[in-house]
Amino acid sequence: MQLNVTGHHVDVTASMKGYVEKKLDRIVRHSDHVIDVHCILTVEKQRHKAEAKVLLNGAMVYADAVDMDMYAAIDALADKLDRRVKKHKEKLSDHHALEALRVRPS
């Protein structure tokens, strides 16, 4: 997984980048098809915004979160991305394959 963290009106420190990497690591555990993650951290007045685009094999997932604290925004972002990547993975699996294998009585 290629992780790219940038800041807009904020200096991205090593601890912030490490925190983002640690939080987004669980996305990789749920899907082996994660190719690239681009995360943008933004500060506007008192709003801290974290947004990310995750490039999967055949799809792109986007999420953003706003909070008064940057680390809380990153936590919310990780939760949203986790849910959306799980949902995408469930869409890819064929839930009706087991029904085709069952033999119907004649």
Side-chain angles (χ1 to χ4, degrees):
M1 173 183 83
Q2 174 81 24
L3 176 64
N4 191 3
V5 180
T6 58
H8 190 256
H9 298 294
V10 66
D11 292 328
V12 178
T13 62
S15 65
M16 272 191 210
K17 187 172 181 174
Y19 192 74
V20 169
E21 188 172 332
K22 184 180 93 173
K23 286 295 185 175
L24 296 182
D25 230 13
R26 74 178 167 178
I27 294 171
V28 177
R29 286 188 303 200
H30 291 135
S31 178
D32 298 333
H33 303 291
V34 176
I35 298 170
D36 186 31
V37 178
H38 182 73
C39 184
I40 301 171
L41 306 176
T42 309
V43 175
E44 296 173 354
K45 295 185 181 180
Q46 297 297 319
R47 291 180 33 181
H48 296 268
K49 182 177 180 182
E51 56 186 304
K53 292 181 185 176
V54 177
L55 183 64
L56 299 169
N57 209 2
M60 187 180 74
V61 178
Y62 173 82
D64 64 344
V66 178
D67 205 303
M68 297 300 285
D69 179 38
M70 183 60 78
Y71 290 98
I74 293 169
D75 288 341
L77 172 71
D79 291 340
K80 285 182 181 181
L81 281 174
D82 194 34
R83 283 193 306 268
R84 291 181 183 175
V85 168
K86 279 184 189 176
K87 185 175 180 179
H88 175 73
K89 186 178 177 182
E90 288 174 4
K91 284 182 180 180
L92 292 178
S93 66
D94 188 10
H95 297 289
H96 301 289
L98 293 177
E99 290 178 15
L101 295 176
R102 293 184 188 147
V103 177
R104 295 184 181 172
S106 328

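Because only heavy atoms are used, hydrogens play no part in the values below, and waters and symmetry mates are left out as well, while side chains stay in. All values reported here derive from a predicted model rather than from experimental measurement.
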- [ ] Would you name the heavy atoms of Asp36 and Gln2 that are closest together and state the gap between them?
- [x] OD1-O, 3.0 Å
Task: Test: Arg29 and Asp82 ion pair at under 4.0 Å - done: no
Open item on the list: When you group the ILVMFWY residues by side-chain heavy-atom contacts below 4.5 Å and let the links chain together, are Tyr71 and Val12 in the same group?
Closed with: yes
Open item on the list: So which atom in Cys39 and which in Leu77 form the shortest heavy-atom distance, rounded to 0.1 Å?
Closed with: SG-CD2, 4.1 Å
Open item on the list: Let's go through Arg26 and Asp79 carefully: what are the C-alpha distance in whole Å and the side-chain angles of both, what is the deciding distance for side chain to side chain contact (heavy atoms under 4.5 Å, CB included) to 0.1 Å, and is it a yes or a no?
Closed with: CA-CA 10 Å; Arg26 74 178 167 178; Asp79 291 340; 2.4 Å; yes
Open item on the list: Please find the pair of heavy atoms, one from Gln46 and one from Met68, that lie closest to each other, and give the distance.
Closed with: O-SD, 3.5 Å
- [ ] Would you check, one step at a time, whether the test side chain to side chain contact (heavy atoms under 4.5 Å, CB included) holds for Leu56 with Val34?
- [x] CA-CA 5 Å; Leu56 299 169; Val34 176; 3.6 Å; yes
Task: Same apolar cluster (I L V M F W Y, side chains within < 4.5 Å links), Val5/Val28 - done: yes
Task: Single-linkage hydrophobic cluster, 4.5 Å side-chain cutoff, Val54 and Leu3 together - done: yes
- [ ] Using the side chain to side chain contact (heavy atoms under 4.5 Å, CB included) rule, take Tyr19 and Asp75 through it: C-alpha gap first, then chi angles, then the decisive distance, then the call.
- [x] CA-CA 9 Å; Tyr19 192 74; Asp75 288 341; 2.6 Å; yes
Task: Shortest non-hydrogen separation from Ala65 to Ala73 and the atoms involved - done: CB-O, 3.5 Å
TODO: Measure the spacing between CD1 of Ile35 and CE of Met60 and express it to the nearest 0.5 Å.
DONE: 12.5 Å
Task: Test log, rule side chain to side chain contact (heavy atoms under 4.5 Å, CB included), inputs His48 and Val10 - done: CA-CA 10 Å; His48 296 268; Val10 66; over 6 Å; no
TODO: Determine the minimum heavy-atom distance between Arg84 and Tyr62, stating which atoms define it.
DONE: NH1-O, 2.5 Å
- [ ] Give the minimum heavy-atom separation between Met16 and Asp11, together with the two atoms involved.
- [x] CE-O, 4.1 Å
Open item on the list: Return the NZ to CD1 distance between Lys53 and Ile40, rounded to the nearest 0.5 Å.
Closed with: 6.5 Å
Task: Between NZ on residue Lys91 and NZ on residue Lys87, distance to nearest 0.5 Å - done: 5.0 Å
- [ ] Please say which of Glu51, Lys49, Glu44 ends up in a side-chain contact (heavy atoms from CB on, under 4.5 Å) with Val66.
- [x] Lys49
Task: Matching residue for Val37 among Val61, Ile27, Leu24 - test: side-chain contact (heavy atoms from CB on, under 4.5 Å) - done: Leu24
